[in-house]
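The chains referred to below are lettered A, B, ... by the order of the sequence lines, with proteins before strands, and numbering in each begins at 1.
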Number of protein chains: 2
Amino acid sequence: MANPKAGPQRSDWQRNHERLVATAAALVARDGAQVSLEEIAREAGVGSATLHRHFASRQALLEEVFRDEVERLRRRAGELAGGDPRTGLVTWLEELTTAAANTRGLPASLAAGADVDAPDGDTCHDIVREATVVLVSRALAVAAVRPEVSPDDLLTLVEAVSRVTEGDPLTAHRLLRLVLDGICP
Amino acid sequence: MANPKAGPQRSDWQRNHERLVATAAALVARDGAQVSLEEIAREAGVGSATLHRHFASRQALLEEVFRDEVERLRRRAGELAGGDPRTGLVTWLEELTTAAANTRGLPASLAAGADVDAPDGDTCHDIVREATVVLVSRALAVAAVRPEVSPDDLLTLVEAVSRVTEGDPLTAHRLLRLVLDGICP
DNA sequence: TACGATATGGGGGCCCACTCCGTTTGTCAA
DNA sequence: TTGACAAACGGAGTGGGCCCCCATATCGTA
């Protein structure tokens, strides 16, 4: 979708595509990742067939909705990869949790991206995963985290926490702190 | 539903009730908590109106489906409350995670029970919560866990972990271990 | 301006949750 | 045993969601 390799699309195609993504962003922010696709199409002023022609699945639509936010996170990870490995990783997990807790539908979308994915490694999940891999590697290299910690496990944990605390950043961060510090003194 | 205070129900009512719960248990185990209620009714050989007359909501049906398993957990918590507070709590969390990871639909049902609840404090969620409160209190009393650990946070974490790892006990336990031990050495 | 490729959208098929209402069934008293 | 009534049932109906087909409209270009 919106594939640049596909060559120039007709102007109405582009216009509808943008309207759909913008409308979806608004409705997902209001109602979560499960909004009715019909409602998105209605609100965007297009037929439901058009929506399905532009996006093969709900997940494909969500990928475009969250692309910008995820790119922002990617850049942030780049910055953090220049500093102290330990605080870099912790800060990354905290900011990722913040973004996930404040962005309705993002946790569900990231988690869904982990299961059935385009193999091109360019989904939102893949981007976040790659950033996490880098930061975890750096932390492991200086023994700032336990050796058995894997990036995927960490991601799964953050996704799990932000899914059940969607829209409640305070609880999300309390739980994250618990995970980082462990239960026992 | 199945309220003993409601007096004797007709025999066909009881028969259909049991068939519905049994069928629901089988289909939820096979397909998860989101099975079609229509299918449950069909499979049980009753009209869909009957299902809705017996259970006001999907959650009400799930509560009965998981009641036995949750009662078993409650008894187990009672045993664990007699031993060492620290291993008691850890064992409890591990067995709770095992049950949640192996019982399709249970994590979703427990989590849903935390939100909109009958005020009678007798839902599956309430039972598990009460058990957790007791075990956490005992652990706190001997400083076996950090003082800021709350039973609700722990429960939310276990629910979060078992929801995203439904049907994958290995990952569930790896994540739980991460939570118990913390990330940093 | 006229044409062909591209894109559209209404409407249909299918499934789901939930409700209405005429019919059946269980129970209990006579 | 029978009759009557409350209790319970089930099928059909409503409204919604997802997804697709195909007749129609629109865009870009020669």
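- Going from atom CZ of A:R19 over to atom P of C:dT8 covers 12 Å, rounded to whole Å.
- Heavy-atom nearest nucleotides on DNA chain C were determined for B:S57 and for B:R15, and the one closer to the 5' end corresponds to B:S57.
- A salt bridge does not link A:E159 to A:R163: none of the charged nitrogens lies less than 4.0 Å from a carboxylate oxygen.
- Between the CZ atom of B:R58 and the C1' atom of C:dC18 there is a distance of 12 Å, given to the nearest Å.
- Under the 3.5 Å distance criterion, with hydrogens and angles disregarded, no donor-acceptor pair is assigned to the side chains of B:E18 and B:Q14.
- One side chain, A:H173 or A:T98, offers a donor N or O that lies under 3.5 Å from an acceptor on the other.
- Side chain A:R53 to base C:dG9: a donor-acceptor pair is found below 3.5 Å.
- Relative ring orientation between A:H54 and A:W13 is described as parallel, the plane-to-plane angle staying below 30° on a 0-90° scale split at 30° and 60°.
- Considering only residues two or more places apart in sequence or on other chains, B:R174 meets the side-chain contact (heavy atoms from CB on, under 4.5 Å) condition with A:D153, B:T171.
- For the 3.5 Å distance criterion, the side chains of A:D168 and A:T165 fail to qualify, holding no donor opposite an acceptor.
- Less than 4.0 Å separates DNA chain D from at least one heavy atom of each of the following residues of residues 26-41 of chain A: A:S36, A:L37, A:E38.
- In this structure, the CG atom of A:L51 is 14 Å from the C1' atom of C:dA7, given to the nearest Å.
- The base of D:dA8 has none of its N or O atoms less than 3.5 Å from a complementary donor or acceptor on the side chain of B:R10.
- Regarding contacts with the backbone of C:dT8, a side-chain N or O of A:N16 is found under 4.0 angstrom from either OP1 or OP2.
- Separating the CG atom of B:L61 from the C1' atom of C:dA17 is a distance of 14 Å, rounded to the nearest angstrom.
- We find that CG of B:L20 is positioned 9 Å from P of D:dG10, with the value rounded to whole Å.
- In this model, no donor atom of one side chain and acceptor atom of the other lie less than 3.5 Å apart for A:H17 and A:Q9.
- Taking atom CD of A:Q14 as the reference point, atom P of C:dT6 lies 15 Å away to the nearest angstrom.
- Both B:S11 and A:T50 lie close to DNA chain C; mapped to their nearest nucleotides by heavy-atom distance, the more 5′-ward contact belongs to A:T50.
- Protein atom NE2 of A:H52 is 11 Å distant from nucleotide atom P of D:dG17, rounded to whole Å.
- Heavy-atom nearest nucleotides on DNA chain D were determined for A:D12 and for A:R42, and the one closer to the 5' end corresponds to A:R42.
- When rounded to the nearest whole Å, the span between NE2 of B:H54 and P of D:dA7 equals 14 Å.
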